[in-house]
Amino acid sequence: MSASFYVHGIQSMSRTSVTLEDEEKQRCPDGADPPNFACNDTPHSLPERLNLEPSVIAMETSPSPSSNGTNLLSLPWEIVTQIASHLPAQCVINVLPHVCQTLGKLSEDRLAWQVRAQKLSGPAASFPVGPKEDFDWSKACLEMEQLIGCWAGRGNQAERQETEGARQEVAAGGVNGEAPAAEGNLVEMQLDVEINDAADVQSQTASNSGQLNESSSASSPLEHIILPSGHIADVNCVLLLGGKEALCASGSRDRNVNLWDLREGPRGKLMHTLAGRGTISTHRGWVWCLASSGPLLASGSFDSTVRLWDLEAGGAERRLIQCKAAVLCLSCERDTVLAGSHDQKLSIFDTRAADPLVKSLRLHGDAVLCLASDDQYIISGSKDQTVALFDRRAGKLLQKVQLSSYLLSLSYSGREVWAGDNRGLVHTFSMHNSSLTSISQFNIHRSLVTGVHYSSGALYTCSSDRTIKVHLPCAPPKTLCTLHHQAGVNGLSVEGGTLAIASGDMNVEIWRPRCTESTSI
């Protein structure tokens, strides 16, 4: 719903030429408590959608000398807060501050946001999972309401014809050729075998329909598209690059990284396949992971290399970084690239240096499968069933947490870490005082959790069990939607409300908000 709806609905509170801010200054000195604020000359009607009538209690208890008692700001502050609790968070945050300074203070009411968050997550849930100090409650509520509006109940809809038609169209226009066989020198990598085995198990138990149980109707707030065929093997990873460019990168077992423009046409357009120097493909082995920072895109491969690409130069190759084993996970922070590899190492590279290797860390006793980082910490998960916390500033290992399973996917934001393991469990950790504390684990999927994305008000997970799930990030997670896919899902990426998945059926699929009227004022 656009912001203009709320602006017009609240304009009745600001029809006079004298602004409410001026009246506040006249009636309330600086530092005055807003609950006792009153304005005689404020507008005499409320938004029609609130359906408020003059209240006898409000007239008797309000400090306002107003003769009719119907002004919004003449009501007790508790009632104004209660009214605001029924408005969307987007309205409270982005619209009310433009109406008047006093109503703008509603967006700063921390307790009101906590109550709203509890109503959204449910009385039995704990939210947030991590520390509450300095938690951005208003942002979390805004994200949760947007998530509910887009995804709640979507997986139960059954309009499959359009989705199946899109798949048939993709198949008809596919690239001719056969998928390349696995590299012989990496047969020993058990991770891929387990992913395939899990997908085969699900294939035996899945229904013959094998279609996404979701709606693509025009009434849906989300648009579902399948990008035109560009890969000839399983897509292992996908990355939304965000910004105005609306780009998407995908890495596949066909050894290529494709760059897509999501703005072109109704289903996006393949811009080009990134080409390494001296090769006919992006890499010489399977592309297993992607990461980006600004215009820098990094791709990691089973060929034991990290290749860097310049998005501002149309995807031109910036440099090649040679590693000593298959690269299984990546993270980018400005001019720094972190790579986890099959040889148990976590390597730190400076992309500007002639010799890019800054440090090689051996924090684990087996392959490093996932990692996340910020300017202070590196968190990594390994097949040795441990999670390591490394302090980049101090240059030392702070902690290792032993698990009973190993992590495949990891998402770190604020003071919370969410991770998916090889048994279908989603783990939560709290970051506090340079310490990583395991909080709980939840049985979300039936097989490998191949992708996790967490933000303060949203949680997305995907699995080789052929499902994508959208949750509120409380404990336990409140699942809003389950999408059933016809193939195993190898990874996901989320940016600005858009969801992209990497599929075992050689496709990249996108769910994005439909184009609507701008909500800016």
Side-chain angles (χ1 to χ4, degrees), residues 1-16 19-21 23-24 33-39 42-55 57-58 62 64 69-123 125 127-128 135-153 221 455-458 472 474 478 480 497 513 516-521:
M1 190 173 293
S2 66
S4 60
F5 173 87
Y6 301 111
V7 172
H8 294 316
I10 302 176
Q11 276 181 342
S12 58
M13 295 184 290
S14 56
R15 287 184 292 183
T16 61
T19 66
L20 289 176
E21 284 80 357
E23 295 180 3
E24 292 171 23
D33 191 4
N36 292 324
F37 182 85
C39 292
T42 51
H44 304 294
S45 63
L46 292 172
E48 295 180 359
R49 66 190 298 271
L50 298 179
N51 296 321
L52 292 179
E53 297 180 357
S55 169
I57 298 178
S62 172
S64 170
T70 59
N71 295 329
L72 178 63
L73 298 180
S74 69
L75 298 172
W77 189 250
E78 292 78 4
I79 295 180
V80 176
T81 303
Q82 182 65 23
I83 293 172
S85 70
H86 295 280
L87 295 174
Q90 183 271 338
C91 175
V92 177
I93 296 171
N94 298 327
V95 179
L96 294 188
H98 291 268
V99 176
C100 76
Q101 182 178 351
T102 300
L103 292 180
K105 293 179 181 178
L106 290 167
S107 64
E108 303 170 4
D109 192 333
R110 184 178 176 87
L111 178 59
W113 289 118
Q114 292 181 21
V115 172
R116 184 186 290 250
Q118 191 64 56
K119 289 181 179 179
L120 291 170
S121 59
F127 181 84
F135 185 75
D136 194 337
W137 290 93
S138 60
K139 178 183 177 183
C141 289
L142 178 61
E143 289 187 5
M144 285 195 289
E145 290 185 6
Q146 291 174 339
L147 200 72
I148 292 170
C150 288
W151 290 101
S455 64
S456 59
L472 297 183
C474 49
K478 184 176 180 179
L480 302 176
T516 57
E517 182 183 354
S518 174
T519 58
S520 61
I521 296 177

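Scope of the values below: all heavy atoms of this structure, side chains included, with no hydrogens, waters or symmetry mates.
- In plain terms, the two heavy atoms of P221 and G149 that are nearest each other are CG-O, 3.4 Å.
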For this session: Dump the intermediate steps for side chain to side chain contact (heavy atoms under 4.5 Å, CB included) on L106 and L87, then the final yes or no.
Result: CA-CA 11 Å; L106 290 167; L87 295 174; over 6 Å; no
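- The NE2 atom of H86 lies 13.5 Å from the SG atom of C91; values are rounded to the nearest 0.5 Å.
- Of all heavy-atom pairs spanning G497 and P513, the tightest one is O-CD, 3.6 Å.
- The side-chain hydrogen bond (donor to acceptor under 3.5 Å, both in side chains) check on S107 picks up nothing, with sequence neighbours excluded.
- For E145, the side-chain hydrogen bond (donor to acceptor under 3.5 Å, both in side chains) partners two or more places apart in sequence, or in a different chain, are R116.
- Rounded to the nearest 0.5 Å, atoms CG (L96) and CD (Q90) are 9.5 Å apart.
- Counting heavy atoms from C-beta outward, L111 and T81 have side chains that stay 4.5 Å or more apart.
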Problem set entry | Chi angles and distances behind the side chain to side chain contact (heavy atoms under 4.5 Å, CB included) call for L142, V92 | CA-CA 10 Å; L142 178 61; V92 177; over 6 Å; no
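- Rounding to the nearest 0.5 Å gives a distance of 4.5 Å between CG of L480 and CG of L472.
- Applying the side-chain contact (heavy atoms from CB on, under 4.5 Å) test to K119 and every residue at least two apart in sequence or in another chain returns V115.
- For S138, the side-chain contact (heavy atoms from CB on, under 4.5 Å) criterion is met by I93, W113, D136, not counting sequence neighbours.
- The side-chain contact (heavy atoms from CB on, under 4.5 Å) search around A140 returns F127, F135, S456, not counting sequence neighbours.
- Between V95 and L103 the shortest side-chain heavy-atom distance does not fall below 4.5 Å.
- Considering only heavy atoms from C-beta on, T102 stays 4.5 Å or farther from V80 through its side chain.
- The two residues G457 and E143 have their closest heavy-atom pair at N-OE1, 2.8 Å.
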